[in-house]
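Down below is the structure, laid out as structure tokens.
The analysis underlying the following values was restricted to heavy atoms, covering all of them including side chains, and did not include hydrogens, waters or symmetry mates.
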There are 2 protein chains.
Amino acid sequence: MTNLLALLRSRADALSKREAAVALLVLADPQRVLRLPLDKLAAEAGVSQPTVIRFCRSLGCDGLRDFKLRLAASLAGGVPYVHADVAQGDGALAYGPKVIGAAIAALHAVRDKFDAATVERAVELLASSRQLLLFGMGGSGPVALDAQHKFVRLDCPASSTSDPLMARMMVSVMATTDLLLLVSNTGRTIPTLELAELARAGGVKILALTAPHSPLAAAATIALEIEPAEDVDLYTPMASRIAHLAMIDVLATGVALRRDTDGPARLMRVKDAVRSTRTLDR
Amino acid sequence: MTNLLALLRSRADALSKREAAVALLVLADPQRVLRLPLDKLAAEAGVSQPTVIRFCRSLGCDGLRDFKLRLAASLAGGVPYVHADVAQGDGALAYGPKVIGAAIAALHAVRDKFDAATVERAVELLASSRQLLLFGMGGSGPVALDAQHKFVRLDCPASSTSDPLMARMMVSVMATTDLLLLVSNTGRTIPTLELAELARAGGVKILALTAPHSPLAAAATIALEIEPAEDVDLYTPMASRIAHLAMIDVLATGVALRRDTDGPARLMRVKDAVRSTRTLDR
DNA sequence: GCTGGAAAGTAGCTTTTCTACACTTTTAGG
DNA sequence: CCTAAAAGTGTAGAAAAGCTACTTTCCAGC
């Protein structure tokens with residue numbers, strides 16, 4: 001299901017003269033077209049009713065009804081968050097939704113390219129390892145830390161660090177039943193790659209959350225590949241880091257589900273342990 | 001323009017018995033409902049045609065036509081990511097998109113409730129402070145760390161910690177031109193609240209990223225409020241944490257734009273500094 | 001200028017949606 | 001416990017919207 005408006009723009013010249021008149025009307029004010037019935041629509045475009053129907057069919061719709069539904073779907077969310085780069089003059093009202101939109105787009109991309117088989121294997125690996133070491137530098141540091149937080153909640157012994165030296169020490173004493181989870185947006189961060197090498201030498205399995213076709217992806221036992229969305233727009237930093245976090249969520253969920261019998265109870269226990277640090281007064 | 005499916009879920013109990021039957025049908029298979037005409041729809045739900053119409057009106061729509069258009073809009077993006085709780089038997093193919101969908105929904109919520117005025121003020125505050133201290137505990141720790149990473153990139157001196165004691169020491173020596181950014185999902189974490197108190201006593205301004213109507217929101221100079229989505233579903237942890245991160249992105253973007261003249265150049269410089277840690281081979 | 005075919009329009013028909021009104025069930029008050 | 005109002009639900013038929021068969025118009029190539 002492609003975006004109808006995008007389709008319309010791209011195929012506008014493949015339409016006949018009168019049909020193009022309808023297209024013009026649609027592009028001018030799509031919201032309005034949704035409310036207009038066939039006869040008014042035809043009148044406004046200066047064409048006959050069947051021409052409007054034919055226009056819909058030319059776009060691959062069943063009829064006007066179907067066309068309107070698809071148009072509504074294309075219009076959802078108000079502002080299309082494709083191609084909405086932040087610009088110099090933007091106020092908060094402009095750049096806020098744009099930045100959030102970029103994050104949403106990144107998540108959509110992850111969902112569309114979601115590779116269930118690989119995730120299953122990754123969860124398998126996570127659930128069966130004795131302990132976890134999480135490592136990420138720079139922007140990936142918080143991601144590793146977040147993952148630690150999640151896995152500890154699920155009763156998987158997990159440590160995280162952003163210090164390459166510390167990480168090397170920890171990896172050097174890891175057993176083959178342990179797992180190293182490496183996070184790197186580019187998959188080309190040298191200390192991370194060196195760490196992967198060290199782990200391989202010691203027979204420690206590696207799960208990588210990184211860019212496809214990167215050196216890190218190649219070095220990993222299992223690679224969860226996420227297309228980096230950086231550098232597209234200087235002002236929309238790190239949309240792909242949100243994608244990484246979402247993937248961590250997915251993994252944690254998978255692990256939680258594997259421990260199915262007492263999984264919920266375990267989570268509850270962790271929640272209870274945290275509760276006493278909260279106040280209830282208003 | 002709210003999401004119709006979300007609205008339907010929330011107001012499901014305000015409907016009459018027969019109308020609820022229609023609601024059930026819609027929730028069970030929204031895509032199908034779009035294609036069904038009134039009579040079949042009524043038949044499937046086991047109610048009369050006017051009941052279906054009344055159901056639509058109860059939801060604030062003009063009629064069935066309008067209802068369908070809105071439903072189509074709500075469904076845009078393929079899988080309906082409301083009402084998609086992770087269940088025990090789910091495989092990766094099922095829970096993956098659900099978890100990601102929950103994150104997307106959280107971001108949509110942030111975008112819909114986006115308060116530009118407050119963000120403008122927050123950016124103003126951030127841009128004009130001498131230095132920044134970021135604090136968050138538990139799940140908010142990584143968020144604070146991430147924010148530090150972002151603001152340092154933008155040449156705002158920023159530190160972050162999850163250690164309350166350390167934070168207290170740092171706050172006690174902060175000047176009134178400094179800013180304390182507190183992150184707390186619930187807004188009820190006691191150490192965070194105590195830290196806020198300490199800051200207030202010292203005249204240090206507080207920017208809070210937290211739940212609306214929470215004690216922390218009340219204690220802050222400026223509160224960026226984000227509805228916590230936790231506890232709704234045990235297996236979808238921390239969707240609201242992604243919302244927090246997105247808000248950090250927005251703030252960082254705002255600050256970057258304020259430094260408009262040499263903002264891009266500055267960002268470039270940071271990118272260059274990082275580049276030498278990367279390998280290009282392969 | 002004629003002809004074949006594509007594009008557009010006319011008019012009427014079907015489907016779909018909606019409304020007016022009647023009946024039933026529930027609720028509140030005496 | 002009965003009654004009356006109110007809310008909920010259904011029946012039937014009117015109104016609107018969408019669609020199709022067929023006719024007319026336009027245009028390119030012979």
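In this structure, the CZ atom of A:R35 is 14 Å from the P atom of D:dA17, given to the nearest Å. One atom, CZ of B:F55, and another, P of D:dG10, lie 15 Å apart when rounded to the nearest Å. Atom pair A:R65:CZ and C:dT15:P shows a separation of 11 Å (rounding to whole Å applied). If you take CG of A:L64 and C1' of D:dT20, they are 15 Å apart, rounded to a whole angstrom. Rounded to whole angstrom, the span from the NZ atom of B:K17 across to the P atom of C:dT24 amounts to 16 Å. We find that CD1 of A:I53 is positioned 10 Å from C1' of D:dT20, with the value rounded to whole Å. Between the CG atom of B:L15 and the P atom of D:dT9 there is a distance of 10 Å, rounded to whole Å. In this structure, CG of B:D66 is placed 18 Å from P of D:dA16, rounded to the nearest angstrom.
In this structure, B:T51 contributes its side chain and B:V47 its backbone to no donor-acceptor pair below 3.5 Å.
Here the shortest heavy-atom pairing between B:K68 and B:L34 reads O-CD2, 3.3 Å.
There is a side-chain donor-acceptor pair under 3.5 Å between A:S58 and A:E19. Of the N and O atoms on the side chains of B:S184 and B:T189, at least one donor lies less than 3.5 Å from an acceptor on the other residue.
Comparing A:R54 and A:L36 against DNA chain D, the residue whose closest nucleotide sits nearer the 5' end is A:L36.
Residues A:T210 and A:I226 are not in side-chain contact: their nearest non-hydrogen atoms beyond the backbone lie 4.5 Å or more apart. Between A:R70 and A:R65, every side-chain heavy-atom pair lies at or beyond the 4.5 Å cut-off.
Between C:dT19 and B:R57, a contact under 4.0 Å exists linking OP1 or OP2 to a side-chain N or O. Taking only side-chain nitrogens and oxygens, B:R18 never comes nearer than 4.0 Å to OP1 or OP2 of D:dA7. The shortest distance between the side-chain N/O atoms of A:K68 and the OP1/OP2 oxygens of D:dA17 is not below 4.0 Å. The side chain of B:T51 places an N or O atom within less than 4.0 Å of a non-bridging phosphate oxygen (OP1 or OP2) of D:dG10.
Against DNA chain C, the stretch residues 38-50 of chain B makes heavy-atom approaches under 4.0 Å through B:L38, B:Q49, B:P50.
A side chain to side chain contact (heavy atoms under 4.5 Å, CB included) with B:L216 is found for exactly one of B:L193, B:L209, B:V183, namely B:L193.
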